[in-house]
Amino acid sequence: QVQLVESGGGLAQAGGSLRLSCAASGRTSSRYAMGWFRQAPGKEREFVAALSWSGGSTNYADSVKGRFTISRDNAKNTVYLQMNSLKPEDTAVYYCAAGKTVVATTIPRMIDYWGQGTQVTVSS
């Protein structure tokens, strides 16, 4: 089992920045790819970004390319999502996720572990 705990959400103005963190515990010896999803009210959960265990492979949703950056520190068992140039449409609950591969970590039904989510609200 792997436990994922997100932090760093909050309120930001449009054009601002936030950095989310996701701390993993438990069976962290397994080399999971890590990712972020988000879910806005009344909408389905959608993929945001994913990163391989080594950090050498990444994948981003088109809506966040060039604005968001995913990274990880395996020594700290932590993955980050740096969000810049935030837009009101980025408002959502953001979930950390662990999957077997980067590709699997882009598909909600393929995720092995989920965090509890952290709220991000962007005001215009």
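Residue pairs satisfying the salt bridge (charged side-chain N to carboxylate O under 4.0 Å, His left out) criterion with at least one member in residues 113-124, sequence neighbours excluded, are absent. Screening residues 108-117 for salt bridge (charged side-chain N to carboxylate O under 4.0 Å, His left out), with sequence neighbours left out, gives Lys100-Asp112. The disulfide bond (SG atoms under 2.5 Å apart) analysis of residues 62-124, with sequence neighbours excluded, yields the pairs Cys22-Cys96. Within the structure, salt bridge (charged side-chain N to carboxylate O under 4.0 Å, His left out) contacts touching residues 46-56 (residues at least two apart or in different chains) are Arg38-Glu46. For the side chain to side chain donor-acceptor pair (under 3.5 Å) condition, the pairs that include at least one residue of residues 4-17, sequence neighbours left out, are Glu6-Gln116, Ser17-Asn84. Residue pairs meeting the salt bridge (charged side-chain N to carboxylate O under 4.0 Å, His left out) criterion with at least one partner in residues 66-81, sequence neighbours excluded, are Arg67-Asp90.
Qualifying side chain to side chain donor-acceptor pair (under 3.5 Å) partners for Thr118, counting only residues two or more places apart in sequence or in other chains: none. Shown here are the side chain to side chain donor-acceptor pair (under 3.5 Å) partners of Lys87, two or more places apart in sequence or in another chain: there are none. By the side chain to side chain donor-acceptor pair (under 3.5 Å) test, Lys43 pairs with no residue at all, sequence neighbours left out. With sequence neighbours excluded, the residues that form a side-chain contact (heavy atoms from CB on, under 4.5 Å) with Thr69 are Tyr60, Gln82. Annotation: side chain to side chain donor-acceptor pair (under 3.5 Å) contacts of Tyr95 (sequence neighbours excluded): none.
In this structure, Val5 stands alone, with no Ile, Leu, Val, Met, Phe, Trp or Tyr side-chain heavy atom under 4.5 Å from its own, directly or through other members.
Taking the ring centroids of Trp114 and Phe37, they lie under the 6.0 Å cut-off.
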